[in-house]
Amino acid sequence: MTLEEKYIPDKVELKWQEYWDRSGIDKASADPSLKKFYCLEMFPYPSGKIHVGHARNYVIGDVIARYKRMRGFNVLHPIGWDAFGLPAENAAIKHGVHPAQWTYENIDSMKKQLRPIGLSYDWEREVTTCDTGYYRWNQWFFLKLYEKGLAYKKASFVNWCPSCATVLANEQVIDGRCWRCDSVVVQKELEQWFFRITHYAEELLQGCEELKGWPEKVVLMQKHWIGKSEGAEVDFPIEGTDRKLRIFTTRPDTLFGVRFMCIAPTHPLTAELVEETEGLERIKAKYGNVEEKEGLFTGHYAINPLNGERVPVYVANFVLMEYGTGAIMSVPAHDQRDFEFARKYDLPIKQVIMPDLTSKAGSRESGPIAEAYEGEGILVDSGRFSGMASPEAKKAITEYIEAKGLGKGTVNYKLRDWGISRQRYWGTPIPIVYCDKCGVVPVDEKDLPVILPRDVKFTGKGGSPLLDLPDFVRTRCPKCGGGARRETDTMDTFVDSSWYFVRYCSKKDEDALEKNNISYWMPVDQYIGGIEHAVLHLLYSRFFTRVMRDLGVLGLSEPFTNLLTQGMVGKETLRCPEHDWLFPEEAENGKCVHCGRDVERGRTEKMSKSKKNVVTPDDLIGKYGADTMRLFSLFAAPPERDLEWSDRGVEGAYRFLNRVWAIVYKSKFKVQGSKFGIDTVSELRPPAQGLLRKTHQTIKRVTTDIEREYHFNTAVAALMELVNELGAFQPVDDQDWAVLKYSIESAIMLLSPFSPHIAEELWEATGNRPSVFEQSWPQWSEDIAKEKEVELVIQVNGKVRAKVMVPEGLSDGEIKDKTLDEPKIKEILSGKAVKKIFVVKGRLVNIVIGGAGI
RNA sequence: GCCGGAGUGGCGGAAUUGGUAGACGCAAGGGACUUAAAAUCCCUCGCGCCUUAGGCGCGUAUCGGUUCGAGUCCGAUCUCCGGCACCA
């Protein structure tokens with residue numbers, strides 16, 4: 001095999017991509033006799049174009065997949081498309097392209113962008129969520145959830161744009177206005193479908209303890225999101241009625257400090273208690289407004305069941321109907337929010353908790369307090385509970401309440417049920433029909449899928465286009481056969497991504513829920529994706545996995561054993577005072593090419609089309625090849641860290657690959673023909689010994705750096721060091737050539753996960769049969785890797801004073817002797833008393849001395 | 001406000017368990033090759049000071065502490081980034 005003198009990436013890369021396609025090396029098959037490794041990157045939304053930020057994500061996954069393959073694992077490394085969702089529908093409204101066409105065309109063009117990167121995907125398992133064959137399973141899961149009472153319908157508030165007549169997602173509401181038409185968004189109550197994720201709240205929380213392979217930060221975010229809090233529910237009778245107001249509190253120890261009550265404007269009792277409807281509307285309008293607390297006295301009083309005190313009941317905009325019971329007891333002395341409310345409406349304050357014993361009574365009489373004391377302490381003015389400490393009092397009061405039938409100890413979660421209804425077209429139809437006679441009726445399993453019709457019109461107004469399709473809406477009731485109306489809402493796209501990793505376990509032509517496949521491949525051993533999915537996607541997937549477990553689809557609870565959240569790729573932004581954001585090529589010497597004004601250099605930000613600070617892999621690959629792009633994006637920073645894109649740095653990676661190429665080219669004839677084994681190391685010439693040692697050290701470093709949380713940046717640095725030595729090595733005899741061959745081959749194998757194409761080419765050029773990925777990952781010998789001489793650092797009082805080379809493995813005593821023999825050290829020590837000598841094996845000696853004359 | 005994380009040369013970053021701070025790369029400067037340039041190769045490269053060989057002092061956001069020894073551990077402060085934010 002001959003090697004071109006000059007490294008031409010296009011040629012090499014195309015050749016090996018074709019080779020991999022032909023050989024089917026990236027295809028996976030379940031084989032229980034082999035150890036499996038499931039490597040998964042979060043699948044992309046087909047927006048049309050990828051930038052190097054996306055590419056980095058796939059490259060990280062690809063390195064892991066290729067490395068694990070060489071380590072002998074049967075690797076599953078699939079890819080697919082998160083293909084339903086809003087942008088396709090918006091494109092339809094704006095440009096008149098059908099969402100399906102837009103989506104499939106984008107998938108096509110993204111495939112064209114991905115292919116040249118050289119990613120080792122098994123394309124036989126490609127998943128496209130907008131395919132009927134995929135979303136029919138969303139519908140199947142929906143039916144199963146419905147059967148189990150885990151899917152239900154209830155009224156809830158949504159962001160509603162009156163002008164577009166549509167529901168908006170939270171992120172589509174910008175400063176309270178519609179992102180598309182700028183109308184003021186209102187809260188509208190709609191009937192919506194929900195998944196009862198709260199049924200698994202406790203389990204999802206407990207499960208966090210199992211997520212040892214996840215970044216702690218993400219686990220913490222999940223815990224906060226679930227938001228467990230323990231407390232009590234207590235009934236407060238309302239004076240002059242037979243009604244009771246049930247509240248939730250986490251501080252039963254402050255019950256004697258209640259000064260007023262607050263209920264949510266949407267609380268069922270509110271309408272009953274409030275006569276002043278105008279005032280109530282005012283509070284309702286400010287519901288959830290964080291800036292101002294607004295309250296309205298209902299004219300009613302509640303009775304504190306513990307001490308019989310009579311306290312006023314208010315309606316307040318800050319009390320949420322969705323959490324707890326929708327009503328609270330207000331203890332202004334010990335809750336900052338209640339304190340502020342009390343101040344605003346001039347309500348009394350009563351302290352019942354003292355921070356500690358020393359500050360006792362007295363201070364509680366000493367005039368107004370500046371803020372609430374929210375900590376724990378000792379109870380005062382609390383009847384029989386006075387003198388108890390908060391934790392003890394919480395228990396005692398809760399027990400008392402339960403004994404007297406006034407309420408009960410309760411656990412609450414912030415986690416809400418997952419609203420999955422979208423008044424949108426481009427999503428999975430919810431398999432439900434409404435019959436006048438039978439009410440809500442699920443579609444029969446045998447009638448799945450409910451196919452999303454293609455022939456629709458997009459106006460952007462009047463809600464889902466499905467509403468205007470009589471053929472779709474009008475149907476028969478599965479129960480009574482009478483006329484019925486189909487559900488026109490579609491599912492949240494998070495449903496699609498909550499189980500796609502299970503679909504990948506089987507090939508396209510296999511049953512989606514084939515048990516043997518799933519039990520072999522699941523769980524995902526390494527999941528890689530952006531931190532932006534730390535809560536929702538990952539939580540929904542954990543929920544779905546539990547649902548699938550309870551349906552018998554799979555036998556585990558946690559889908560992702562290890563999670564890597566990679567940092568974003570940023571680039572500085574450029575802005576012209578006249579032409580706004582500029583592409584990098586629109587600025588020359590700090591001037592705008594359009595108008596010549598000074599360009600303002602903005603901060604580094606996540607790459608985005610709108611800010612024009614994107615670098616696409618296509619350009620880079622065209623110029624330097626995929627191997628260079630891959631290498632640089634791995635070398636520039638550890639994967640979990642954000643990275644600023646640097647064009648200069650890319651050139652450095654390119655130079656490195658050229659150097660590797662040149663080394664192999666220069667030595668290829670000798671290396672190819674070399675048949676010598678490596679004799680005992682001691683017989684080698686010292687330079688060859690050195691190179692061999694460096695080679696083994698590098699194998700060790702690259703391997704441990706990859707194993708140590710995928711620190712590819714230092715792995716690549718180690719490889720560069722080896723290549724620097726390889727470049728300087730001058731072989732003179734046959735044994736030198738043998739060492740060189742071994743060293744070059746090792747370097748190629750170590751490089752292969754990072755820059756796979758050039759590695760294949762060079763592997764072949766050194767006289768080996770492809771593919772390098774069928775090789776076992778190289779092994780190192782501790783013995784050969786060990787340095788024969790080590791640098792001993794000599795410190796005096798913690799300061800480095802000398803460095804000497806000493807043989808490896810000296811005893812502490814020998815090291816002390818050597819140190820004190822050193823002329824320079826003798827000089828420093830003369831006339832000083834040595835107090836102590838510390839020896840750190842193989843590293844340094846620290847001599848502690850006193851001042852002169854001591 | 002609360003909860004996380006980070007802060008190291010001109011830049012990206014390294015230092016794995018408390019033990020030589022700055023690996024590797026980029027940029028910069030100097031040199032070789034060349035008619036010339038590009039490419040490539042070699043050398044220098046934290047800051048300050050001493051005339052040099054060589055040495056000395058300072059230095060990991062700031063201040064303090066523990067230790068023979070601190071980028072690493074502890075306490076306080078500042079800045080930046082991320083998450084949550086009336087959750088009762």
Side-chain angles (χ1 to χ4, degrees), chain A residues 6 215-221 223-225 227-229 231 247-251 254 262 264 287-293 316-320 322-331 334-338 340-341 412-416 531-532 534-535 565 567-568 603 631-632 635-638 640-653 655-656 658-659 662 701 704-705 707-709 711 713-724 727-728 791-803 824 835-849:
Chain A
K6 198 167 156 23
E216 279 176 49
K217 178 193 168 119
V218 176
V219 177
L220 206 64
M221 281 164 75
K223 284 184 183 169
H224 285 328
W225 193 262
K228 180 179 183 174
S229 55
I247 58 93
F248 172 73
T249 180
T250 54
R251 293 297 300 272
T254 63
C262 290
Y287 179 62
N289 181 330
V290 182
E291 268 77 64
E292 40 189 333
K293 290 183 178 41
N317 69 327
F318 64 85
V319 179
L320 306 174
E322 294 81 11
Y323 184 78
T325 59
I328 60 167
M329 63 179 209
S330 291
V331 186
H334 304 294
D335 182 297
Q336 187 60 23
R337 184 194 45 207
D338 294 344
E340 284 164 23
F341 192 84
N412 256 305
Y413 300 89
K414 282 192 213 175
L415 182 68
R416 311 276 164 77
I531 186 76
E532 66 272 20
V535 178
T565 50
M568 67 175 198
R603 51 192 288 172
L631 194 71
F632 175 71
F635 175 64
E640 71 280 3
R641 186 131 39 148
D642 289 348
L643 172 156
E644 183 179 359
W645 193 260
S646 148
D647 295 331
R648 300 276 204 185
V650 178
E651 282 175 33
R655 274 199 286 269
F656 169 74
N658 272 289
R659 218 153 53 231
R701 275 182 64 192
T704 51
D705 284 350
E707 293 289 339
R708 178 173 60 98
E709 295 176 52
H711 277 202
N713 57 327
T714 49
V716 173
L719 202 49
M720 285 174 169
E721 282 185 45
L722 174 62
V723 169
N724 287 344
E791 191 182 48
L792 179 68
V793 172
I794 305 173
Q795 295 183 336
V796 177
N797 283 353
K799 286 193 173 167
V800 178
R801 292 298 160 187
K803 296 174 184 178
K824 181 151 185 227
K835 287 184 176 166
K836 200 163 167 112
I837 300 177
F838 292 87
V839 179
V840 182
K841 259 218 163 5
R843 284 187 185 268
L844 60 70
V845 178
N846 188 14
I847 305 167
V848 185
I849 59 168

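Within the nucleic acid shown, A/Val331 has no heavy atom closer than 4.0 Å to any nucleic acid atom. Here A/Asn658 lies out of heavy-atom contact (under 4.0 Å) with every strand. A/Leu320 comes within 4.0 angstrom of a nucleotide base, judged by non-hydrogen atoms across all strands. Residue A/Glu644 is out of contact with every strand shown, counting any heavy-atom pair closer than 4.0 Å. If you check every strand for non-hydrogen atoms under 4.0 Å, A/Lys799 touches sugar and phosphate atoms only. At a threshold of 4.0 angstrom between heavy atoms, the contacts of A/Thr250 are confined to the sugar-phosphate backbone, with no base atom among them. Within 4.0 Å of A/Asp338, counting heavy atoms only, lies no atom of the nucleic acid at all. Within 4.0 Å of A/Ser229, counting heavy atoms only, lie sugar-phosphate atoms of the nucleic acid but no base atom.
Checked against B/A27, B/A21, B/C3, the side chain of A/Arg648 finds its nearest nucleotide in B/A27. Which of B/C87, B/A14, B/A27 sits closest to the side chain of A/Asn713 comes down to B/A14. Set against B/G25, B/G19, B/A27, the side chain of A/Asn724 has B/G25 as its closest nucleotide. Of all nucleotides listed (B/U20, B/C87, B/A88), B/C87 comes nearest to the side chain of A/Arg416. Relative to the side chain of A/Met720, the nucleotides B/G25, B/A27, B/A88 differ in distance, and B/G25 lies closest. With distances taken from any side-chain atom of A/Trp225 to the nucleotides B/C3, B/C84, B/A14, the minimum falls on B/C84. Among the nucleotides B/G19, B/U16, B/C87, the one closest to the side chain of A/Arg708 is B/U16. Nearest to the side-chain atoms of A/Val840 among the listed nucleotides B/A23, B/G13, B/G19 stands B/G19.
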Between the protein and nucleotides 72-74 of chain B, list the N/O to N/O atom pairs that are separated by less than 3.5 angstrom.
none

List every contact pair, protein side and nucleotides 63-71 of chain B side both N or O, where the distance is under 3.5 Å.
| residue | atom | partner | partner atom | Å |
| --- | --- | --- | --- | --- |
| B/C68 | O2' | A/Asn846 | ND2 | 3.4 |
| B/C68 | O2 | A/Asn846 | ND2 | 2.6 |

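For the P atoms, the distance linking B/A39 with B/A28 amounts to 11 Å, nearest Å. Taking the P atom of each, B/A15 and B/G7 are spaced 12 Å apart, rounded to whole Å. Atom P of B/A61 sits at a distance of 26 Å from the matching atom of B/C56, rounded to the whole Å. Comparing B/G83 with B/G30, their P atoms are spaced 46 Å from each other, to the whole Å. Here, B/A27 and B/C81 have their P atoms 29 Å apart, quoted to the whole Å. Spacing between B/G22 and B/G71 at atom P, rounded to whole Å, works out to 12 Å. Across B/G46 and B/G9, the matching C1' atoms stand 5 Å from one another, rounded to whole Å. Atom C1' of B/C84 sits at a distance of 41 Å from the matching atom of B/G69, rounded to the whole Å.
Nearest approach of A/Gly324 to A/Asn412, heavy atoms of both residues: CA-ND2, 3.7 Å. Summarising the geometry of A/Val218 relative to A/Ala534, their closest heavy-atom pair is CG1-O, 3.7 Å, with the distance given to 0.1 Å.
Look at OH on A/Tyr323: it is 13 Å from P on B/A85, rounded to the nearest Å. Following rounding to the nearest Å, A/Ile531 (CD1) and B/G82 (C1') show an atom-to-atom distance of 8 Å. In this entry the distance linking CZ of A/Arg251 with P of B/C87 reads 13 Å, nearest Å. Straight-line distance from the CD atom of A/Glu651 to the C1' atom of B/C11: 15 Å, rounded to whole Å. If you take NZ of A/Lys803 and P of B/U20, they are 10 Å apart, rounded to a whole angstrom.
In this structure B/U20 sits in no base pair that meets the Watson-Crick or G-U test at under 3.5 Å. Checking B/G54 for Watson-Crick or G-U wobble geometry (two distances, each under 3.5 Å) identifies B/C50 as its partner. In a base pair of the Watson-Crick type (N1 to N3 plus N6-O4 or O6-N4) or a G-U wobble (N1-O2 and O6-N3), with each distance short of 3.5 Å, B/G59 is matched with no nucleotide. The base-pairing partner of B/C26, taking Watson-Crick or G-U wobble contacts with both distances under 3.5 Å, is B/G10. In this structure B/C33 sits in no base pair that meets the Watson-Crick or G-U test at under 3.5 Å.
Put simply, the side chain of A/Arg337 and the base of B/A88 share a donor and an acceptor less than 3.5 Å apart. Counting distance only, with no hydrogens placed and no angle test, the side-chain atoms of A/Arg801 and the base atoms of B/C56 include no donor-acceptor pair under 3.5 Å.
Base orientation of B/G9: syn (glycosidic angle within 90° of 0).
In this structure a side-chain-to-backbone donor-acceptor pair under 3.5 Å is present from A/Asp642 to A/Met568. At distances below 3.5 Å, at least one donor-acceptor pair connects side-chain atoms of A/Asn797 with backbone N or O atoms of A/Ile849. The backbone N or O of A/Val331 sits less than 3.5 Å from a side-chain atom of A/Asp338, completing a donor-acceptor pair.
Applying the 6.0 Å contact sphere to CZ of A/Arg708 captures more than 12 heavy atoms from other residues, nucleotides or ligands. Within 6.0 Å of CD on A/Glu707 lie more than 12 heavy atoms contributed by other residues, nucleotides or ligands.
If you look at A/Phe656 and A/Phe635, their ring centroids are not closer than 6.0 Å.
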